[in-house]
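Take a look at the structure set out below.
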Amino acid sequence: MKGKFITVEGTEGVGKSTNMAFIEEWIKSTGKELIITREPGGTELGEKLRDLLLDAKEQSMCDDTELLLMFAARAQHLHEVILPALKAGKWVLCDRFTDATYAYQGGGRGIEMERIAQLEQWVQADLRPDMTLILDLPVDIGLERAGKRSSPDRFELEKHDFFNKVRDTYLARAKAQPHRYQVIDASPAINQVQQSIQSVLESMV
Ligand SMILES: Nc1ncnc2c1ncn2[C@@H]1O[C@H](COP(=O)(O)OP(=O)(O)O)[C@@H](O)[C@H]1O
Ligand SMILES: [Mg+2]
């Protein structure tokens with residue numbers, strides 16, 4: 001049996017990384033074999049590309065380079081990690097995936113969605129996540145949460161307007177394909193957010 005592919009999305013500081021372990025434990029408790037991974041990254045080569053993409057000193061990177069590096073890392077990730085796991089019947093839980101490319105490089109940077117769709121088709125063929133959880137939070141609150149974490153990376157240096165476009169793109173994608181997305185209100189306390197996540201997971205297994 002083919003495993004399921006679940007991705008977690010949202011703007012900065014909504015709690016994606018915080019909730020990965022909770023989702024992992026919950027899925028494993030149902031007896032599924034699961035791997036967890038992240039984008040950009042997830043492979044040795046992909047993590048090097050991630051370092052470049054997030055490096056706040058890489059100010060000269062143009063938007064197309066950013067987009068292509070995202071898909072370069074993704075191609076490696078699919079080849080080395082995601083596809084072999086799914087073929088072996090494992091579930092895969094990924095912190096960000098191609099919806100983030102639509103949101104950040106499409107909505108945020110303004111690259112045409114059609115170009116992103118072409119790369120998506122080329123690199124992924126028919127593979128799309130079975131379920132995408134979008135943790136949703138007003139941009140200000142997320143940035144405030146993320147600000148307590150570490151010095152800002154290249155994306156975190158962007159302005160509120162950029163993140164509002166990112167958020168709007170996530171929400172528009174969820175609205176357009178409601179069967180593939182679940183939007184979770186990430187504003188309450190962590191245990192309440194996790195209750196909402198658990199209800200979604202219960203409907204999947
Ligand atoms: N529901 C929540 N309420 C308050 N703080 C939270 C909540 N969820 C996560 N946080 C905190 O917000 C910060 C950013 O969370 P993180 O998981 O790193 O976000 P992301 O991976 O989405 O950027 C962390 O310090 C985390 O502890
Ligand atoms: Mg994170």
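In listed order, ligands and their atoms are each counted from 1. These values consider heavy atoms only, across backbone and side chains, with no hydrogens, waters or symmetry-generated copies.
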4.0 Å heavy-atom contact, Gly10 with ligand 1: no
Under a single-linkage definition using a 4.5 Å side-chain heavy-atom cutoff for Ile, Leu, Val, Met, Phe, Trp and Tyr, are Val8 and Leu34 assigned to the same hydrophobic cluster? yes
Does a donor on one side chain sit under 3.5 Å from an acceptor on the other, for Gln198 and Gln194? no
Less than 4.0 Å between a side-chain N and a carboxylate O, is that true for Arg50 and Glu58? no
Could you check whether any heavy atom of Pro188 sits closer than 4.0 Å to an atom of ligand 1, since that is the contact criterion I want to use? yes
Atom 19 (O) of ligand 1: nearest protein contact (heavy atom, Å): Gly15 N, 3.2 Å
Report the member of Gly13, Ala186, Ser17 with the shortest heavy-atom distance to atom 21 (O) of ligand 1. Ser17
Is it the case that atom CD in Glu44 sees more than 12 heavy atoms from other parts of the structure closer than 6.0 Å? no
State plainly whether one hydrophobic cluster holds both Phe5 and Leu83, where clusters connect Ile, Leu, Val, Met, Phe, Trp and Tyr through side-chain heavy atoms under 4.5 angstrom apart. yes
Ligand 1 atoms nearer than 4.0 angstrom to some heavy atom of Ala189 are 1 (N)
Contact check: Val193 vs ligand 1, nitrogen or oxygen atoms, below 3.5 angstrom: no
Under 2.8 Å from the Mg ion (ligand 2), can any N, O or S atom of Ser17 be found? yes
Closest by any non-hydrogen atom to atom 10 (N) of ligand 1: pick that one out of Arg145, Met20, Glu144, Lys16. Arg145
If only side-chain N and O atoms count, and only distance matters, is there a donor-acceptor pair under 3.5 Å linking Gln105 with Asp63? no
Hey, looking at atom 15 (O) of ligand 1, which of Asn19, Ile190, Thr18 has the closest heavy atom? Thr18
Report yes or no: is the cationic atom of Arg167 (NZ for Lys, CZ for Arg) under 6.0 Å from the centre of the six-membered ring of Tyr170, at an angle within 45° of the ring normal? no
closest protein heavy atom to atom 18 (O) of ligand 1 is Arg149 NH1, 2.8 Å
